[in-house]
Amino acid sequence: MGKRNKFELWTVISIVLLLLFILVLVYPMFGILRQAVYDADGNLTLGNFSKFFAKKYYTNTILNSFKSTICVTVISLIIGTVLSYFYSFYALKGAKLIFVVSILCCMSAPFLGALSWIMLLGRNGVVTKFFKTVFGIKLGSIYGFKGILLVQCLKYYPLVFIYMNGAFRNVDNTLLEASANMGCTGVKRFFKIILQLSMPTLLAAALMVFMQAFADFGTPMIIGEGYRTFPVEIYSQYLGENGRDYGFAAAISVIAILITAVVFFIQQFATNKFRFSISALHPVEKKKAKGAGGFFMHLYAYLLIFLGFAPNLYIIYLSFVNSDGAVFKTGFSFNNYKLAAKKLLARSITNTVWYGVISLAIIILVSVIVAYLIVRRSNPVNHAIDTMSMLPYIMPGAVVGIALVMAFGAKPFALTGTVAIMILNFVVRRMPYTIRSASACLMQISPSIEEAAISLGASKAKTFAWITVPMMSSGIISGAILSWVAIVTELSGSIILYNNKTITLTMSTYVNINRGNYGIACAFAAILQVVTIISLLIYIKISKSEDNISL
């Protein structure tokens, strides 16, 4: 009878989670679909979709997004994989610095890179003025497609680098020795052996970069100018200055969901084609990076991390340059921070920290339970929970924000403008990171350990709490740090949901950029980066090693 009760407890938990996920994930999606296919009089119509595909201006936003996203994905894969290969197979000097700085690059908000490069290479940028004044050379425009490409590639190549490090560590050295004995060495071995063995991870990295670049709102909004992308168009239709068309915004959101879902399933299909298991019984021994080859490896690695992280340092530098809030002057002062203090700085910091802590606590609790249900108690209900938990992963943030407003903006919920809807947005959007990480960790833990604890008299609940969860800790912590950083740098969903009472550091930064208050924006951005850096350092301290970071 006791066993049956314990079984029923997990069944109840599964049903409760299923209903909860239907409420916060599926129900909002149906709200968007309904808004897209019904007019103001409640009549079924496809007019919003016809309007989108009838005008080249709108369809070009799809093409623009695909063009920039595919280019960013391909370039990020190339430069990130090459860097990871050098890092994993050769003993580079300052390897830990390369790794940690790469983490910091990919954990900063994407639009901060756009702000920094505008300050450097924009119309009135420092580098632009220098070349024009000293050499009489007029540099090309940083705005539009080229600017988006530059900012996003420098933001996302570290993701590929970190992913591929894990894959390359799993390559068995005996396979490389065997291939060398058969005459397969150098570049040929890299493509024929190493890259083929790492293909599942490469595809996972490609999906991560594609999804994030495609959904990025801040970068194209700030540096894109006339180069219009999907997320910017969704925002413009929902909260645009030239009028709001909720039905049309919903229709564009539906199209965005379908596109990202197709990409996701294509990636899953391709990954299944390369599915295999490998265990590195004899890990690769790093060679010394010497001679001309070693010089160029070090040059490549340090140049990349410099280009990736220099914009962040430049923003921190500018935050101390004297200004009136908008125009930078000579000398240094804390004036930007003083002006920021008058622009909701204290509230932004408080909201960022508290919303992040509360959201992360909810994410960890739910993710641990969901991971356990998915891995240890596989059934149709739990498979449905697993599928639903991935919905936010394949949806642009602006779409999630609009969905939450449509679902919970009116009675009986009426959450618009509240702390609750901000936290709900953070939890819904960032939970997939921790669920995936915790699930992957649990899959590597043998069930026999839990069975042994139960056979020694421990209850299933006690075994779960005191045996299973601690063994999952590395996966939980890895996913949690990713979720945390994604929460504190969240923009695309928050911009739909925030108000002055619920404003965060990221939103304050973006608002001041949009108003041309670059000095104040740099102060907010600098504090945001400090929060991110402290988060990473705490994680490294807890995990005992920077190499434990897993995406």
Side-chain angles (χ1 to χ4, degrees), residues 16-17 19-29 31-32 109 111 217-218 235 238-239 246 340-367 369 389 391-392 395-435 479-512 514 524-525 527-528 530-532 534-535:
V16 170
L17 279 176
L19 295 175
L20 182 63
F21 276 32
I22 289 173
L23 175 65
V24 301
L25 295 173
V26 178
Y27 171 62
M29 295 306 100
I32 280 190
F111 71 93
F217 163 80
Y235 170 78
Y238 190 78
L239 290 175
Y246 296 151
K342 299 177 182 179
K343 298 278 187 179
L344 306 176
L345 175 61
R347 183 182 298 175
S348 299
I349 295 173
T350 303
N351 287 349
T352 298
V353 173
W354 278 113
Y355 296 174
V357 169
I358 295 170
S359 300
L360 191 62
I362 297 170
I363 286 172
I364 291 174
L365 176 63
V366 176
S367 297
I369 296 173
S389 72
L391 285 176
M395 292 165 53
V399 175
V400 175
I402 292 172
L404 293 176
V405 170
M406 290 181 177
F408 305 115
K411 293 182 179 180
F413 301 104
L415 299 180
T416 302
T418 65
V419 174
I421 201 166
M422 290 290 287
I423 292 176
L424 182 60
N425 172 58
F426 294 145
V427 171
V428 165
R429 286 209 67 207
R430 304 310 178 185
M431 190 181 297
Y433 293 123
T434 308
I435 290 177
I481 190 63
L482 285 175
S483 295
W484 167 262
V485 174
I487 286 169
V488 298
T489 58
E490 160 67 23
L491 174 67
S492 54
S494 299
I495 200 168
I496 304 290
L497 304 168
Y498 91 102
N499 57 29
N500 278 346
K501 290 183 179 180
T502 59
I503 197 165
T504 60
L505 279 171
T506 308
M507 283 311 312
S508 289
T509 305
Y510 176 79
V511 168
N512 281 286
N514 218 27
F524 278 107
I527 295 172
L528 179 61
V530 169
V531 171
T532 306
I534 291 173
S535 303

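All residue numbers refer to positions in the sequence shown, counting from 1.
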Would you check if the side chain of S359 reaches a backbone N or O of G356 as a donor-acceptor pair within less than 3.5 Å? no
In the structure I gave you, are the side-chain heavy atoms of M431 and F21 within less than 4.5 Å of one another anywhere? yes
Side chains of N351 and S348: donor-acceptor distance under 3.5 Å anywhere? no
side-chain hydrogen bond (donor to acceptor under 3.5 Å, both in side chains) against S492, all qualifying residues, sequence neighbours excluded: R429
State which residues pass side-chain hydrogen bond (donor to acceptor under 3.5 Å, both in side chains) with N512; sequence neighbours excluded, sorted by chain then number. N517
Per the salt bridge (Lys or Arg N to Asp or Glu O under 4.0 Å) rule, what does the pair list look like for residues 498-508, sequence neighbours excluded? none
Which word best sums up how the rings of Y510 and F111 line up, parallel for under 30°, tilted for 30 to 60°, or perpendicular for over 60°? perpendicular
So CD1 of I362 and CZ of F426: to nearest 0.5 Å the spacing works out to 11.5 Å
L345 and S508: CA distance, side-chain angles, deciding distance, side chain to side chain contact (heavy atoms under 4.5 Å, CB included) verdict: CA-CA 8 Å; L345 175 61; S508 289; over 6 Å; no
Can you spot which of I487, L505, V357 makes a side chain to side chain contact (heavy atoms under 4.5 Å, CB included) with T352? L505
Given side chain to side chain contact (heavy atoms under 4.5 Å, CB included), test F413 with I421 step by step and report yes or no. CA-CA 10 Å; F413 301 104; I421 201 166; over 6 Å; no
Would you say T506's side chain and V488's backbone share a donor-acceptor pair under 3.5 angstrom? yes
Under 3.5 Å, is there a donor-acceptor pair between the side chain of T434 and the main chain of I364? no
Within-4.5 Å side-chain heavy-atom neighbours: N500 and L344: yes
In short, ring pair (Phe, Tyr, Trp, His ring centres under 6.0 Å) pairs touching residues 480-499 with sequence neighbours left out are none
Shortest non-hydrogen contact from L360 toward A480: CD1-O, 3.4 Å
Donor-acceptor contacts under 3.5 Å from residues 400-408 side chains, at least two apart:
none

With sequence neighbours excluded, give me every salt bridge (Lys or Arg N to Asp or Glu O under 4.0 Å) pair touching residues 413-425. none
